[in-house]
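Single-structure report; data block below.
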Amino acid sequence: MPELPDVEVFRRYLDSTALHQKISSVEIRKERLLEDVSPDDFKKSVEGNEFSSSHRHGKHLFARLNSGSSVVLHFGMTGELKYYKDPADEPDHARVVFHFDNGYHLGYDNMRMLGKVALTDEIDEYVENEGLGPDAGRLSFEEFKDLLDGKRGMIKSAFMDQSLLAGMGNIFSDETLFQAGIHPKRQVGNLSEKDVETLYEKMMEVIEKAVVCQVSDFPDYFLINYRDEDAECPRCDGEIEKIKVSSRSTYFCPKCQK
DNA sequence: AGTACCACCTGACGGC
DNA sequence: TGCCGTCAGGTGGTAC
């Protein structure tokens, strides 16, 4: 699930549920999800604190503690957050659970465990050490143009490259390319100035719309509703095709994406 | 530098 | 019903 829009929705969810409440304890149910910190140290740094604010960079969510450190959450392919009171409402794969003084719990659920949970004193430093590019949602057109300048290879690969720009994944890269009418395998070097402009505008639009609809009930003209081989293209009378691009499933319309 | 493939994990689904 | 292969919205390492 989680690409930039999903994680932004998680961030807002965290803000509206779990801020400003004392964390009485944390349960680490899968130690392997912790990155560069022992369960003991993690617990010591978190317990007794409150989450005071949040930040998102690409697909990484940072939950700041009032101590100044931040809990880092990365969701892999199957992660999500759930805030609940009744233990019966605990999600099926809660790998890390924050327990609050008010009786509620925040579960970091992650079936496939491809994500990670970490701790950092400096968000900027963490982002830099991870080698992440600028956040795709907070990027000016000039910055976007500069990123692509001199890049080679396929445009979809560029979108997916977290070190180039952070946040776009498989689904929303396909979506942006579809909305822009550009073939996922187009070489970056072959894009016209107009193409680059369209890509930027559509990327921003796709991100914004996806966040506004909370990553469900997407607008009808979104490709995401038609990720099926042989589905009808929502923009023309073509048929959606499925191919592999950098070994990821890619859906596009050969008729309106050139 | 770019790409292709494997690995890490778990679960759902379709075919036989 | 059961087994098996395939696939899934991410990423890191490795080898061409």
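What you are looking at is a predicted structure, and each value in this text was computed from that prediction instead of being measured. Just so it is clear: chains get the letters A, B, ... in the order the sequence lines come, proteins before strands, and each one is counted from 1.
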Item to complete: Could you check how far CG of A:L33 sits from C1' of B:dT10, rounded to whole Å?
Response: 12 Å
Item to complete: May I ask you to check whether A:Y251 and A:Y226 place their ring centres under 6.0 Å from each other?
Response: no
Item to complete: For nucleotides B:dG2 and C:dG9, find the distance between their P atoms and express it as a whole number of Å.
Response: 23 Å
Fill in: Those residues of residues 212-221 of chain A lying under 4.0 Å from DNA chain C by at least one heavy atom
A:V215
Practice prompt. Specify the closest pair of heavy atoms between A:L165 and A:A158, including all atoms of both residues, with the distance to one decimal.
Written response: CD2-O, 3.7 Å
Worksheet item: So do the side chains of A:F218 and A:V215 get within less than 4.5 Å of each other, counting heavy atoms only?
Response: yes
Worksheet entry | 4.5 Å side-chain heavy-atom contact, A:Q21 and A:D101 | no
Item to complete: Quickly work out the A:Y251 OH to C:dG9 C1' distance and round it to whole Å.
Response: 11 Å
Fill in: Residues in side chain to side chain donor-acceptor pair (under 3.5 Å) contact with A:E175, at least two apart in sequence or another chain
A:Q179
Worksheet entry | Rounded distance in Å - CD (A:Q162) to C1' (C:dG12) | 13 Å
Item to complete: Treating a pair as Watson-Crick (purine N1 to pyrimidine N3 plus N6-O4 or O6-N4) or G-U wobble (N1-O2 and O6-N3) with both distances under 3.5 Å, list the stems of 3 or more consecutive pairs that involve DNA chain C.
Response: B:2-8 with C:10-16, B:10-16 with C:2-8
Worksheet entry | Length of the line joining A:E3:CD and C:dG9:P, which is rounded to integer Å | 9 Å
Worksheet item: C:dG10 phosphate, OP1 or OP2: any side-chain N/O from A:H74 under 4.0 angstrom?
Response: no
Discussion item. Base, sugar-phosphate or nothing for A:S249? Non-hydrogen atoms, less than 4.0 Å.
Written reply: sugar-phosphate
Worksheet item: Side chain of A:D195, backbone of A:S192: donor and acceptor closer than 3.5 Å?
Response: yes
Worksheet, complete the sentence: Under a 4.0 Å heavy-atom cutoff, the residues of residues 166-179 of chain A touching DNA chain C are A:G169, A:N170, A:I171
Response to the item:
Between CG of A:L4 and P of C:dT11 the distance, given in whole Å, is 11 Å
Worksheet item: When clusters are formed from ILVMFWY side-chain contacts under 4.5 Å, directly or step by step, what else is grouped with A:V97?
Response: A:Y84
Practice prompt. Using atom types as modelled and distance alone, determine if a side-chain donor or acceptor of A:R11 lies under 3.5 Å from a backbone N or O of A:F62.
Written response: no
Discussion item. From the set C:dA8, B:dT10, C:dT11, return the single nucleotide nearest to any side-chain atom of A:M77.
Written reply: C:dA8
Discussion item. With rounding to the closest Å, how many angstrom separate the P atoms on C:dG5 and B:dC6?
Written reply: 15 Å
Discussion item. Suppose the criterion is side-chain hydrogen bond (donor to acceptor under 3.5 Å, both in side chains): which pairs have a residue in residues 156-168 of chain A, not counting sequence neighbours?
Written reply: A:K156-A:N170, A:K156-A:D174, A:K156-A:T250, A:D161-A:S163
Worksheet, complete the sentence: Those residues at least two apart in sequence (or on a different chain) that pass side chain to side chain donor-acceptor pair (under 3.5 Å) with A:S216 are none
Worksheet item: Any sub-3.5 Å donor-acceptor pair from A:H105's side-chain atoms to A:K85's backbone N or O?
Response: yes
Response to the item:
Excluding A:L114, membership of its hydrophobic cluster (Ile, Leu, Val, Met, Phe, Trp, Tyr; side-chain heavy atoms within less than 4.5 Å) reads A:M77
Worksheet item: Excluding sequence neighbours, so at least two apart, what forms side chain to side chain donor-acceptor pair (under 3.5 Å) with A:S247?
Response: none
Item to complete: Answer with yes or no whether the hydrophobic clustering places A:V127 together with A:M168; edges join I, L, V, M, F, W, Y residues whose side-chain heavy atoms lie under 4.5 Å apart.
Response: no
Worksheet item: Just how far, in rounded Å, is P of C:dG10 from CZ of A:R95?
Response: 18 Å
Discussion item. Using 0.5 Å steps for rounding, measure from the CZ atom of A:R186 to the CG atom of A:L177.
Written reply: 10.0 Å
Worksheet entry | Sub-4.0 Å heavy-atom contacts from residues 113-131 of chain A onto DNA chain B, ordered by number | A:M113, A:L114
Look for any protein N or O under 3.5 Å of an N or O in nucleotides 2-6 of chain B and output each such pair with its distance, or none.
{"residue": "B:dG2", "atom": "OP1", "partner": "A:R152", "partner atom": "N", "Å": "2.8"}
{"residue": "B:dG2", "atom": "OP1", "partner": "A:R152", "partner atom": "O", "Å": "3.0"}
{"residue": "B:dG2", "atom": "OP2", "partner": "A:K151", "partner atom": "NZ", "Å": "3.0"}
{"residue": "B:dT3", "atom": "OP1", "partner": "A:M154", "partner atom": "N", "Å": "3.4"}

Discussion item. Measure NE2/A:H60 against P/C:dG9 and give the value in whole Å, please.
Written reply: 18 Å
Discussion item. Under the ring pair (Phe, Tyr, Trp, His ring centres under 6.0 Å) test against A:Y83, which residue among A:F98, A:Y104, A:Y13 passes?
Written reply: A:Y104
Discussion item. If the cut-off is 4.0 Å, is A:K242 near the phosphate of C:dA8, judged by side-chain N/O to OP1 or OP2?
Written reply: yes
Discussion item. The criterion is side-chain contact (heavy atoms from CB on, under 4.5 Å); which residues satisfy it with A:K255, sequence neighbours excluded?
Written reply: A:C236, A:D237, A:C253
Item to complete: Name the nucleic acid region contacted by A:N110, choosing base, sugar-phosphate or nothing; use a 4.0 angstrom heavy-atom cut-off, strictly under.
Response: nothing
Worksheet item: Taking atom C1' of B:dT10 as reference, at what distance in whole Å does atom NZ of A:K30 sit?
Response: 10 Å
